[in-house]
Amino acid sequence: MADDTAHLDGNCLAGPLSEILAVEATTAWWRCPECARSGPLAELHVFGPDPGLTARCPGCAYVALRLVREGEYVWLTLGSGTGAFRFRAVTS
Ligand SMILES: [Zn+2]
């Protein structure tokens, strides 16, 4: 079991995440864990819009990310779906 006294709360992520989430996302660099192809996010092949947007590697179709809009929220799944983050949309 993890030592509960050896962690910080999630508020400490606000600064570091603001550095990466406040940029033009399509200029982010992406590397495929399956085929090792790399390039800007803008080169991914995107399918959708329903039930959400799915971005796949142009080399091997590995799912790079999924983005689903649910009312005022946006769910973001990165990679193979080991977790997801929900953000309040700027415009709803
Ligand atoms: Zn790939």
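Note that ligands are numbered from 1 as they come in the structure, with each ligand's atoms numbered from 1 the same way. Computed from a predicted model, the values in this text were never measured in an experiment.
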Leu78 and Trp29: same hydrophobic cluster, using ILVMFWY side-chain contacts below 4.5 Å? no
State the count of protein N/O/S atoms located less than 2.8 Å away from the Zn ion (ligand 1). 4
Between the CZ atom in Arg56 and the OH atom in Tyr62, the distance rounded to the nearest 0.5 Å is 10.5 Å
Cluster question for you: counting only ILVMFWY and a side-chain heavy-atom cut-off of under 4.5 Å, with indirect links fine, are Leu76 and Trp30 together? yes
Worked check of side chain to side chain contact (heavy atoms under 4.5 Å, CB included) between Leu53 and Phe47: CA-CA 6 Å; Leu53 298 174; Phe47 302 88; over 6 Å; no
Hey, does the side chain of Arg69 reach the backbone of Gly71 with a donor-acceptor pair shorter than 3.5 angstrom? yes
Do side-chain atoms of Asp9 reach the backbone of Asn11 as a donor and acceptor pair under 3.5 angstrom? yes
